[in-house]
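Inspection log for the structure reproduced underneath, given as structure tokens.
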Amino acid sequence: INDLQHERLGDLVIQLTSPDGHTANIVDRVANGTGLNTSSAGFTNVTLTDDALDAIQSVSGNITSNKDYRAAVSFRDEFRDLPANGTWKL
């Protein structure tokens, strides 16, 4: 996620939809947004990957820029055996 800003990150649900229409919530109301009200809250150069150490759902402070996080779901499990070719939607 290159640059996504929102005053209340806890309100955001980010979905990924595969070419065959399967949709998963990859970010689901991160904890740091529950009371946060700041124009600087957001995702800047954040990569969601199954191999990251820290889960995006466990962030209690600011989301660190230029960092890898695990998504709310496992990409391997959620999209296994689905066609990879085609248009993906975020």
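Counting begins at 1 with the first residue of the sequence.
Looking only at distances, no side-chain donor or acceptor of Asp50 sits under 3.5 Å from a matching main-chain atom of Ser74. Formation of a donor-acceptor pair under 3.5 Å by the Arg70 side chain with backbone atoms of Ile56 is not found in this model.
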For residues 80-90, run the donor-acceptor check on the side chains, cut-off 3.5 Å, and write out each pair with its distance to 0.1 Å, sequence neighbours left out.
from	atom 1	to	atom 2	distance (Å)
Arg80	NE	Arg76	O	3.4
Arg80	NH2	Asp77	OD1	3.4
Trp88	NE1	Ala84	O	2.9

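Separating the CD1 atom in Ile14 from the CG atom in Asn25 is a distance of 10.0 Å, to the nearest 0.5 Å. Distance OG1/Thr47 to CG/Asn66: 8.5 Å, rounded to 0.5 Å. A distance of 6.0 Å separates CZ in Phe75 from CG in Leu16, rounded to the nearest 0.5 Å. Within the model, atoms CG of Leu53 and OG of Ser58 stand 12.0 Å from one another, a figure rounded to the nearest 0.5 Å.
A search for side chain to side chain contact (heavy atoms under 4.5 Å, CB included) contacts involving Val73 returns Ala24, Ile26, Glu78, not counting sequence neighbours. For Thr23, the side chain to side chain contact (heavy atoms under 4.5 Å, CB included) partners two or more places apart in sequence, or in a different chain, are Gln15, Thr17.
Within the 4.5 Å cutoff, the side chain of Asn2 has no heavy atoms near those of the Thr44 side chain.
Of all non-hydrogen atoms in Phe43 and Val27, the two that sit nearest each other are CZ-CG1, 4.0 Å.
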